[in-house]
Amino acid sequence: MTEHPADIPPYRYTAAMAERIELSWQDRWEAEGTFHAPNPTGQLSDGFERVSGRPKLYVNDMFPYPSAAGLHVGHPLGFIGTDVFARYQRMNGHHVLHAMGFDAFGLPAEQYAVETGKHPRVTTEANIVNYRRQLRRLGLGHDPRRSVATADVSYYRWTQWIFLQIFNSWFDVGARRGRPIGELIAELDAGFRQPGEGTNPLGRQWTDLSTVERREVVNNHRLAYVSEAPVNWCPGLGTVLANEEVTADGRSDRGNFPVYRRPLKQWKMRITAYADRLLADLDRLDWSESIKLMQRNWIGRSTGASIVFPTEPGPRIGVFTTRPDTLFGATYMVLAPEHPLVGELTAADWPDDVPAAWAGGGASPIEAVAAYQKQAAQRSEMDRQAEAKTKTGVFTGSFAVNPATGGRIPVFIADYVLMGYGTGAIMAVPGQDQRDWDFAEAFGLPIVRTVQPPGDFAGKAFVGDGPAVNSARDTLTLDGMGVDGAKAAMIGWLEEYGYGQGAVTYKLRDWLFSRQRYWGEPFPIVYGADGLPQALPEEMLPVALPDIEDFTPKTSDDADSDPEPPLGRVADWATVRLDLGEGEQQYRRELNTMPQWAGSCWYELRYLDPTNDQSFVDKEVERYWMGPDPDRPDDTGGVDLYVGGVEHAVLHLLYARFWHKVLFDLGHVSSEEPFRRLFNQGYVLADSYVDSRGFYVEAAEVEHRDGRFFFNGDEVRREHGKMGKSLKNSVTPDEMYDRYGADTLRLYEMFTGPMDQSRPWETKAVVGSMRLLQRIWRVVVDEHTGQLRTSDSDVSAGTLRMLHRTIAAVRDGMETLRFNIAIAKVTELNNHLTTAYADSAVPVAVAEALVLMLAPLAPHIAEELWAKLGHAESLTREAFPVADPAYLVDDTIEIPVQVNGKVRATVVVDADADAAVMEAAARAEARVASYLDGHTARKVVVVPGRLINFVV
RNA sequence: GCCCCCGUAGCCCAAUGGCAGAGGCAGGCCCCUUAAAAGGGCUCCAGUGUCGGUUCGAGUCCGACCGGGGGUACCA
């Protein structure tokens, strides 16, 4: 910054003054613990008695992962918004908890460490220091005692503890909730309960199983379990990924590496058990419809029927269909190439007269099937999707029986059927499904319509509603029924004859939870001689992440490479001698680490009680801040306001809800949901510029001339998008602090639009917010002397009305997170004061109200002015001004008079004038009278206090 | 392809179904200034993406379409 020229008034609010004010108040807030939010009990409870009478409010931001680039001005948009809201509610009488931590484990931090060759703990800790500095400088009113980082041992020991809770639980389908695994074992032992479906592959009675076999059955019930199944293998990152981390085009959402499906033994979390509740409870949450919809789509509940098809070789094929009504039109079946029954169903020889297309060039079904399976396995998700239009497959040589028609139908394998959805097998109904139609056309299979399309229907498969046709047999007639009726009738028939039953499936898959990376929470799991996973007891926590030199993941571009956890390189850590109740023995540790999302699944709980080393959160503390509100019907409890970007719609937000529900079921928390109200902030957008070679150039140095853009004299192309270091269009908060101060930055960000909307960043527009602060300053302080220019004089009636109208509007803006409106109203009031009191002192009552209204938005300058106005205490808990309704109405108001909906005149009437008085006044107005002259009003609409409309 | 959100002055944005403008940026003019702007004042600027409907009255509600953004996609 340059020094001020001599003629700038010495007490003008400049960037330099803003910096002095801001730094000193930040120090004072910290020294006085201004934003400490005492708990009702426990270590952080000092001072609770002073706030116990206030209603509590828990405000939370989606915490950042600390990148090396530091913050740019887009990041803190939500942080400022929550701070303004929290500060407002504090002044509005609430006891507010607002904290900020760091999502420090995981791929982003680790990728950076890999690139720079520095240890992720070193880089992460340095980045956190930088983030803390940048955030502190913004003047956010967080309780600093509650800041946590997920990579701290004191934090992740509880992440591990929660993992153990999940591992040591199972889902009781009948009770629709998670329960401790010990209760399952007791019920199995007592014979009250049989092993759940699919958990007992040996099929023998529980009492006939060996100890190890029993443990396997129990493990198959757990909410965290190891399974061998096709997973997303990303060799470019050296790790497997969850479905939610793979983009639609089959790449990793971090790093954009190709992802391959291959069977691997991995940890999963049984989130599907909670699918129903995760879906149903969305209705109880105050979230935006769009996010709820994304979660609903991701959970993907489909209702229909599961149907069993007998086959000639013997095995029965189970399918799921949403259209059981079309069963009469099922003319063939398809299994996914990886389907476990493919081997048994593949015939030794082709039947006579097998069409050439069905055989796929194979001399026998075995050959053809093997060739097709191989080809399908080698295709990446991307290839598969690129070729989605052409249907491929081969005939297994076997036939199944359509239970409705009794007809023989051929069984194919084809990659348009996915192993990961439903049962991995379908009944193909080409008449009512376009994919099946395409396949049937390609393979010359029969097509039978079972729903009559309308007469003008020109398409192929008909998926709409219509009367059933061709759907009758001795014991069942669907013909003539609509789709819904036919579905119900078919399900009834299937159930009666034992061919199937009504069923529900979900698109949601179990959450793949292990990663072959270094920078994550180690699993509190070891393997003994029997090779089965075993939980470490609670008292052995934490399992500290060993500090190793070579933390880099083993990456490659080879789809056939194998995952190799870096922790496997630490031989003296990978095996351990322990006494787990059977004497000291050697155990192998689990070498995978938890995914990035683990730590963020519960941090909102840890903020509540960050220093507790006896429990992840004290029950009473959790109940106080997050418990359900008895005054709200059917309340889930949870954070009162959670703000973050929409990009976590199906990742973090789904995982965190799942963990929270497990913790609720086990009685560890009183709230059923983590986030009662969710608000998605928009993004700060910024133009970026690309030169002729396709490289980004420094946006700040681009010149704008005649609608074209130039960089160093060469024309460049403009792109709209997000702000980012790689786009060379980042603006840092540090630059803004230097040029304008934090208050100006806060004000500008809040002013550019309502919180939920994205808005372009425009550095040159920031000065407008600086000017507002200067003008407010000038209303209160004489720029030349530094003295107050307020007086105790009475406030004029006009100013009072203006003031109270402003208060009402500002409160509305604050409560609805539309801070742009609140700022505009403050501006308006200040503009009024500048002109009304240009030559006289501003009444102190108005000045104080103005300062208090500014305080949530620009807290430092407001504190400074408040202090100048003679107050020794911080205004943090000063009461926010309240509008007096008496001043919100005028004595007289100007009313538009419309004739046929067009405004023709205005009349002034008493504010409380009734309809008759208003109409009389309107008719008396000369212009109106001339419009009405010679007409009779067919209708007169009078809205008291609003308008009059004559319809002639 | 399907689903969701958004289209108001050059730009960002306001407007319980009731006079389209609260506020800001940019532009123009003037004042202050040796000069400048991060100073002061004044001022210009749209009929609300398009078409149709409901209504006494539509930016607002409904329908179709166009444009932008996002989600999702052989999901049986």
Side-chain angles (χ1 to χ4, degrees), chain A residues 4-5 7-9 12-15 248 288-294 296-298 300 302 304 319-323 334 384-385 387-389 391 414-418 420-429 433-436 438-439 505-507 646-647 649-650 680 682-683 685 720-721 739-740 744 748 751-754 756-762 764-775 778 783 809 818 820-828 831 834-835 838 894-906 937-941 943 945-952:
Chain A
H4 307 138
D7 62 327
I8 285 202
R12 173 163 292 174
Y13 181 78
T14 60
S288 73
E289 270 314 306
S290 62
I291 294 278
K292 288 189 191 180
L293 195 75
M294 281 190 231
R296 286 191 191 107
N297 289 342
W298 191 261
S302 308
V319 303
F320 172 77
T321 176
T322 56
R323 295 294 303 274
V334 184
R384 188 166 170 149
Q385 283 175 22
E387 295 163 19
K389 287 163 206 90
K391 293 283 181 289
D415 67 0
Y416 85 94
V417 173
L418 308 176
Y421 185 76
T423 64
I426 62 159
M427 63 179 215
V429 187
D433 184 294
Q434 188 60 45
R435 294 158 301 178
D436 296 345
D438 293 342
F439 189 87
T505 54
Y506 299 90
K507 186 187 130 177
V646 71
E647 70 272 19
V650 291
N680 292 112
Y683 295 106
L685 306 174
H720 301 286
R739 287 174 66 177
Y740 304 103
T744 294
Y748 172 74
F751 184 58
T752 41
D756 53 350
Q757 216 157 93
S758 293
R759 69 292 301 274
W761 177 266
E762 219 183 336
K764 67 177 182 182
V766 179
V767 66
S769 298
M770 180 80 176
R771 283 187 193 134
L772 172 61
L773 294 180
Q774 285 181 332
R775 295 158 129 215
R778 202 179 295 127
E783 287 188 329
R818 294 182 305 161
N820 52 325
I821 301 174
I823 295 167
K825 296 300 172 188
V826 167
T827 308
E828 210 175 350
N831 287 351
T834 349
T835 44
E894 200 182 55
I895 297 288
V897 183
Q898 298 181 340
V899 179
N900 288 337
K902 290 189 169 53
V903 178
R904 297 302 185 185
T906 58
R938 281 195 291 124
K939 184 167 180 182
V940 182
V941 181
V943 184
R946 285 312 231 169
L947 62 42
I948 306 157
N949 187 12
F950 293 98
V951 186
V952 297

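Order of the sequence lines sets the chain letters (A, B, ...), proteins ahead of strands, with each chain counted from 1.
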(request) With heavy atoms under 4.0 Å as the rule, sort A/Asn949 into base, sugar-phosphate or nothing. (result) base

(request) Using heavy atoms to find the nearest nucleotide of RNA chain B for A/Asn297 and A/Arg778 separately, return the residue whose nucleotide is more 5′. (result) A/Asn297

(request) Indicate whether OP1 or OP2 belonging to B/C3 is found under 4.0 Å from a side-chain N or O atom of A/Arg296. (result) no

(message) With nearest nucleotide decided by heavy atoms, which residue, A/Thr321 or A/Pro896, maps closer to the 5′ end of RNA chain B?
(response) A/Pro896

(request) For A/Thr752, enumerate each residue passing the side chain to side chain donor-acceptor pair (under 3.5 Å) test, keeping only those at least two apart in sequence or located in another chain. (result) A/Arg759

(request) Provide, to the nearest angstrom, the distance between the NZ atom belonging to A/Lys292 and the C1' atom belonging to B/U72. (result) 20 Å

(message) Taking the P atom in each of B/A36 and B/C51, what is the distance between them to the nearest angstrom?
(response) 48 Å

(request) Provide, to the nearest angstrom, the distance between the CG atom belonging to A/Leu772 and the P atom belonging to B/A38. (result) 16 Å

(message) Please tell me if A/Asn820 has a side-chain N or O lying less than 4.0 Å from either OP1 or OP2 of B/G23.
(response) no

(message) Just to be sure I understand the rule, does A/Ala824 reach a base, reach only the sugar-phosphate, or reach nothing, if contact means heavy atoms closer than 4.0 Å?
(response) base

(request) Return the value, rounded to whole Å, for the distance between atom CZ of A/Arg775 and atom P of B/G39. (result) 9 Å

(message) Show the nearest heavy-atom pair for residues A/Ile291 and A/Ala649, with the distance to one decimal.
(response) CD1-CB, 3.6 Å

(message) Counting only Watson-Crick pairs (N1-N3 plus N6-O4 or O6-N4) and G-U wobbles (N1-O2, O6-N3), all under 3.5 Å, who is the partner of B/A20?
(response) none

(message) Nearest 0.5 Å, please: how far is OH in A/Tyr13 from CZ in A/Arg771?
(response) 15.0 Å

(request) Could you check how far CH2 of A/Trp761 sits from P of B/G24, rounded to whole Å? (result) 18 Å

(request) Can you measure from CD (A/Gln757) to OH (A/Tyr683) and round to the nearest 0.5 angstrom? (result) 14.0 Å

(message) Under 4.0 Å, counting only non-hydrogen atoms across every strand here, what does A/Gln898 touch: a base, just sugar-phosphate, or nothing?
(response) base

(message) Taking the C1' atom in each of B/U33 and B/G39, what is the distance between them to the nearest angstrom?
(response) 10 Å

(request) Please measure how far the C1' atom in B/U48 lies from the corresponding atom in B/U60, and state the result in whole Å. (result) 10 Å

(request) State which residues pass side chain to side chain donor-acceptor pair (under 3.5 Å) with A/Arg778; sequence neighbours excluded, sorted by chain then number. (result) A/Glu783

(request) Identify which nucleotide among B/C74, B/C25, B/A15 has an atom closest to any side-chain atom of A/Leu418, counting heavy atoms from C-beta outward. (result) B/C74

(request) Could you check how far CZ of A/Arg323 sits from C1' of B/C75, rounded to whole Å? (result) 15 Å

(request) Give the nucleotide from the list B/C75, B/G18, B/A26 with an atom nearest to the side chain of A/Lys764. (result) B/A26

(request) Examine B/G40: is either OP1 or OP2 under 4.0 Å from a nitrogen or oxygen in the side chain of A/Thr834? Give yes or no. (result) no

(request) Taking atom P in both B/G7 and B/C11, compute the distance separating them and give it to the nearest angstrom. (result) 14 Å

(message) I need the minimum non-hydrogen distance between A/Ala15 and A/Met770, along with the two atoms involved.
(response) N-CE, 3.5 Å

(request) Sort out the partner of B/G27 for me: Watson-Crick or G-U wobble, both distances under 3.5 Å, none otherwise. (result) B/U43

(request) Identify whether any heavy atom of A/Ser288 sits under 4.0 Å from a base atom; if not, whether one sits that close to sugar-phosphate; answer base, sugar-phosphate or nothing. (result) nothing

(request) Quote, to the nearest angstrom, the C1' distance that separates B/C31 from B/A15. (result) 34 Å

(request) Pick the P atom in B/G1 and in B/A14, then give their distance to the nearest Å. (result) 31 Å

(request) Could you please name the option among B/C25, B/U72, B/C56 that lies closest to any side-chain atom of A/Val951? (result) B/C56

Please produce a list of atom pairs where a protein N or O lies less than 3.5 Å from an N or O of nucleotides 8-12 of chain B.
from, atom 1, to, atom 2, distance (Å)
B/C12, O2', A/Thr752, O, 2.7

(request) Determine whether A/Asp436 and A/Ile426 make a side-chain contact, defined as any pair of heavy atoms from C-beta on separated by less than 4.5 Å. (result) yes

(request) Could you please name the option among B/A38, B/A76, B/G71 that lies closest to any side-chain atom of A/Ala15? (result) B/A38

(request) Provide the distance between the two P atoms, one in B/C29 and one in B/A37, to the nearest whole Å. (result) 13 Å

(message) Return the pairing partner of B/G1 with a 3.5 Å limit on both distances, Watson-Crick or G-U wobble; otherwise return none.
(response) B/U72

(message) Looking at B/U55, I'd like to know if its phosphate oxygens (OP1 or OP2) sit under 4.0 Å from a side-chain N or O belonging to A/Lys939.
(response) no

(request) Round to the nearest Å and state the distance from A/Arg771 atom CZ to B/A26 atom C1'. (result) 10 Å

(request) Among B/A22, B/C56, B/G39, find the nucleotide with the atom closest to the side chain of A/Val941. (result) B/C56

(message) I'd like to know if A/Gln774 reaches the base of B/G39 with its side chain such that a donor and an acceptor end up less than 3.5 angstrom apart.
(response) no

(message) With a 3.5 Å limit on both atom pairs, tell me what B/G67 is paired to, counting Watson-Crick and G-U wobble, or say none.
(response) B/C6

(request) Please identify each residue that fulfils salt bridge (charged side-chain N to carboxylate O under 4.0 Å, His left out) with A/Arg296, with sequence neighbours left out. (result) A/Asp283, A/Glu289

(request) Consider the side chain of A/Thr827, meaning its heavy atoms from C-beta on, and name the nucleotide among B/A76, B/G24, B/A73 that approaches it most closely. (result) B/G24

(request) Could you state the atom-to-atom distance from OH of A/Tyr683 to P of B/G71 in whole Å? (result) 8 Å

(message) For the OG atom of A/Ser302 and the CZ atom of A/Arg323, what is their distance to the nearest 0.5 Å?
(response) 13.0 Å

(message) As a test of the definition: with a 90° window around 0 for syn, would you call B/G63 syn or anti?
(response) anti

(message) Taking only the C1' atom of each, what is the distance from B/G49 to B/C6 in whole angstrom?
(response) 11 Å

(message) Rounding to an integer number of Å, can you tell me how far A/Leu947 CG sits from B/A20 P?
(response) 10 Å

(request) Applying side chain to side chain donor-acceptor pair (under 3.5 Å), name anything that partners A/Thr834, two or more places apart in sequence or on another chain. (result) none

(request) Check salt bridge (charged side-chain N to carboxylate O under 4.0 Å, His left out) between A/Asp433 and all other residues, then give those that pass, not counting sequence neighbours. (result) A/Arg435

(request) Give A/Val767 one of three labels, base, sugar-phosphate or nothing, depending on what nucleic acid heavy atoms sit under 4.0 Å from its own. (result) sugar-phosphate

